[in-house]
Amino acid sequence: MSHGVWVMEQKDNYIQIFGTVKAVLFQNEENGYTVIKLETQDGENIVVVGTLPYACPGEQLSVTGEFTKHAVHGDQFKAEWAERTMPEGAEAIYEYMASGMLRGVGPATATLIVSEFGSTSLRVIENEPDRLARIKGIGSKKAFEISEAFKKQVGIRRLMEFLGNYSIRPLIAVRLFHDYGNKALELLEENPYIIAAEHIGASFSEADSLALNMGFEADCAERVAAAAIYELWHNSRNGHSFIPADKLIAVTGELIEVSADAVEEALDVLADSGELVRTCIADREGCYLAAVYEAEVYTAKRIKAMAGEKISSKKDISALIEKIESEQSVTYADLQRHSLKIAAERRIMVLTGGPGTGKTTTVRAIVSLFEKMGLKTLLTAPTGRAAKRMSELTGREASTVHRLLEAGFAAEGDELVFRRNEEEPLNCDAVILDECSMVDIYLMAALLRAMPPKCRLVMVGDADQLPSVGPGNVFLDVIRSGIVETVRLTEIFRQGAMSRIVANAHMINRGDYPELKGNVSDSDFFFLSRCEAARTVETIAELCKHRLPEKMGISPMDIQVLSPTRKGETGTRYLNAVLQRSLNPETTGKKEKKYGEIVFREGDRVMQIRNNYDIMWSKPEKIEFFAEGDCATVPVVTMGAKPINGMGIFNGDIGFIAAIDAANEMITVLFDDKLASYGFDMLSELEHAFAMTVHKSQGSEFKAVILASLEGPAQLMSRSVLYTAVTRARELLIMVGDEATVLGMIDNHKISRRYSGLRARLTD
């Protein structure tokens, strides 16, 4: 017995209980998250939460899970799996239909149907809607609509029951039914590996276990094909555009222990179906996911065409440059002046250089030059923070590439689409794309597709920073191809030369050791030696909470802690937990929400970790941050009478939790000047951002950066990671850790090879 509930079975800390749904308290139709009141066999009512789409009063449930305690709502039963039985008997069927859970049926219509068909009502609705139509007051159209609504409910229930028998999460069933409707179960029985598709969300191991338990052979064609696609997809997320055929055959065979011949045959079938492309690239046979191949081929074709075109201007470019110098009270260096002339004469160009070399000044000058040439120019960057920084530095509006291209989801399914393309191109004459090292092949192709045929493109970035997270090595491939006019700024200007951040960044990039000891009091670069993880974390927390705010007047809001890794004693997961306790501790009256092992609290700094184009946001009338104890992290917002609304919060956007509403299960987050609301079921899209990985910090710049510098995985402890971290700091950089680790990162200049065919296609 537990909580007075009849327990049929208890194992692995999970409990199984039986009961009848008495009321549906909340239901999210998109993902099936539901809160119900369940009456058990001994008459006790308990609150059950979980993925239970179309749960309805009168329904019989067997739920398996565990009891939890909600901060506001008290004891709840969290259901991990459920077995469901439709209502039986005229009374239970009436209760179900009268509840409004069946679209088009209310109490009056339910009375008519049950009076006519009694306990067979649901069978008639599903299989004989023509009989339903004979009831006076219903008619053919309404009968068909009722039947279709019921079939949808029954279909998803059967799908959940089928997958539940193999311990597959209910959410997978919801997504499958969303995509395939009533055909989902039939398709699943034909090929269970469809649940491993990215938009469905099951792992390959889950799909593989399902298939083998369903009786599929270990070397069946469906299994081998799914394994090959999984390997390509997995490697694309690690930056590879393609995999050499021999390597793909080997890793796929190793993954599922099948012969090379079986994999070879599967690759041929996949190539015939168009799911992958086998082609010769750089004297090797490569295998691409079809979408990656199309993006790479298009990008190469468009860039080659643009690179081959020289533009003659009717205006005196030298005179325009002199006029800009006079207006902005600057004198451009030779390379900067050369950049302006290239921008005026070429359809496409690359501008690259490290910190302090005048990249920003040059971009501002190019914008001014294009304006004087009568060109409508759009400024864009791959992340929200990079776009915001671009706006601040140029004084012109800039947007993310996704927002510029009006990204969204297809009308059917979850495929990302861009409204701006060849059919509906951007209204512009030139595009300046910043932080190009972050741009993957998908995004580059999408931008090029949206640019009008005669549009110019200026690609700006630091070629020595980390490459994109997604497939391809676009920026370096374009530079190394040699076909695009490239200007590399190398001179460090006086303002940058005075900064130890800038000087040390260039030393690190060259492979030289910067001077870490003997820092002077007016320096912007410090190293604090801490050889133990516990002391390192303790020092970082002390710096954020007391030393920088009190001694240097830097608010914790302006400090960003970075680490090369997520895991370990100085990884971001642990650092975030420590910094939350230090900077935003539990306080009476401050609301919080536990999500798995994470506690979200009002005032927490958080980051969006995936692009979500459907999140609504509003612009508040007033934003204030008030100090609470030692920390100034709690935002207070005042909404205007007519807030400006928009949609979309993007991967890497950083904000603060402004409010937690337990009653309505909502968290409100302030992202700069945008106020966005998250249901509790959406919290997997947020993570704490007191500390973040160096990779996540790309495209951002912070007033003060503290870098945890202790040992970590070799592939992350590299020169490019260290260089990227150092160049994130605008006014102050503090390294805390072991000097040997820092020097080892400088020595580790092994560049992970990426399989990308763009450079070969550009030079072909």
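- Counting only heavy atoms from C-beta outward, the side chains of Leu433 and Met444 approach each other to under 4.5 Å.
- Considering only heavy atoms from C-beta on, Thr383 stays 4.5 Å or farther from Thr400 through its side chain.
- Remark: side-chain polar atoms of Gln580 are paired, donor with acceptor, to backbone N or O of Val599 under 3.5 angstrom.
- A donor-acceptor pair under 3.5 Å is absent between the side-chain atoms of Ser209 and the main chain of Ser205, judged by distance alone.
- The aromatic rings of Phe67 and Phe77 sit perpendicular, their planes meeting at an angle over 60°, well past the 30° parallel limit.
- At distances below 3.5 Å, not a single donor-acceptor pair connects side-chain atoms of Asn421 with backbone N or O atoms of Ala450.
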>> I'd like to know whether Val224 forms a side chain to side chain contact (heavy atoms under 4.5 Å, CB included) with Ile256, so could you lay out the CA-CA distance, the side-chain angles of the two residues, the decisive distance to 0.1 Å, and finally the verdict.
In response: CA-CA 8 Å; Val224 182; Ile256 58 174; 4.1 Å; yes
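- Side chains of Leu210 and Met214 form a contact here, defined as non-hydrogen atoms less than 4.5 Å apart.
- Of the N and O atoms on the side chains of Asp208 and Tyr193, at least one donor lies less than 3.5 Å from an acceptor on the other residue.
- There is a side-chain donor-acceptor pair under 3.5 Å between Gln16 and Ser62.
- Classification of Glu687 and Arg566 as a salt-bridged pair holds, one side-chain N sitting under 4.0 Å from a carboxylate O.
- A donor-acceptor contact shorter than 3.5 Å is absent between the side chain of Arg761 and the backbone of Ala300.
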>> Determine whether Ser563 and Thr565 satisfy the following criterion, side-chain hydrogen bond (donor to acceptor under 3.5 Å, both in side chains), listing intermediate values before the conclusion.
In response: CA-CA 5 Å; Ser563 174; Thr565 179; 5.8 Å; no
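- A donor and an acceptor atom, one from each side chain of Asp477 and Ser756, are located under 3.5 Å apart.
- In this structure, Arg728 contributes its side chain and Thr724 its backbone to a donor-acceptor pair below 3.5 Å.
- With hydrogens and angles disregarded, no donor-acceptor distance shorter than 3.5 Å links the side chain of Asn748 to the backbone of Gly744.
- A donor-acceptor pair shorter than 3.5 Å can be found between the side chains of Glu296 and Tyr288.
- A salt bridge between Asp268 and Arg278 is present, with a side-chain N of the basic residue lying under 4.0 Å from a carboxylate O of the acidic one.
- Electrostatic pairing of Arg223 and Glu217 does not count as a salt bridge here, judged by no charged N lying under 4.0 Å from a carboxylate O.
- A donor-acceptor contact under 3.5 angstrom links the side chains of Arg605 and Gln560, judged on distance only.
- Residue Glu257 places its CD atom among 12 or fewer non-hydrogen atoms of other residues, nucleotides or ligands, all under 6.0 Å distant.
- A salt bridge is defined here as a Lys NZ or Arg NE, NH1 or NH2 lying under 4.0 Å from an Asp or Glu carboxylate O, and Lys304 with Asp764 fails to meet this definition.
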> Under the salt bridge (charged side-chain N to carboxylate O under 4.0 Å, His left out) criterion, do Asp464 and Arg719 qualify, and how do the steps go?
Replying inline: CA-CA 10 Å; Asp464 297 310; Arg719 185 187 303 176; over 6 Å; no
>> Test side-chain hydrogen bond (donor to acceptor under 3.5 Å, both in side chains) on Asn651 and Gln608; report intermediate values, then the result.
In response: CA-CA 5 Å; Asn651 186 10; Gln608 174 77 13; over 6 Å; no
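- Scanning both residues, Leu267 and Leu248, for their nearest heavy atoms gives CD2-CD2, 3.8 Å.
- A heavy-atom distance below 4.5 Å is not found between the side chains of Val484 and Ile479.
- At a threshold of 4.5 Å between non-hydrogen side-chain atoms, the residues Glu435 and Gln698 do not count as touching.
- Residues Leu276 and Leu232 meet the side-chain proximity criterion, which asks for heavy atoms closer than 4.5 Å.
- Nearest heavy atom pair, residue Ile172 against residue Ala202, reads CD1-N, 3.6 Å.
- Here the closest heavy-atom approach between residue Ile281 and residue Ala760 is recorded as CD1-CB, 3.9 Å.
- For the residue pair Tyr442/Glu294, the side-chain donor-acceptor check at 3.5 Å is not satisfied.
- For the pair Val561 and Thr572, the minimum side-chain heavy-atom distance is 4.5 Å or more.
- The closest donor-acceptor contact from the side chain of Ser718 to the backbone of Met745 lies at 3.5 Å or more, if one exists at all.
- Ring-centre distance between Phe600 and His688: below the 6.0 Å cut-off.
- A cation-pi arrangement is present between Arg449 and Tyr298, with the terminal nitrogen or guanidinium carbon under 6.0 Å from the aromatic centre and inside a 45° cone about the axis.
- Inspection of the Tyr723 and Asp462 side chains reveals an N or O donor paired with an N or O acceptor under 3.5 Å.
- With hydrogens and angles disregarded, no donor-acceptor distance shorter than 3.5 Å links the side chain of Thr252 to the backbone of Ile249.
- Judged as a side-chain contact (heavy atoms from CB on, under 4.5 Å), and not counting sequence neighbours, the contacts of Glu569 are Ala533.
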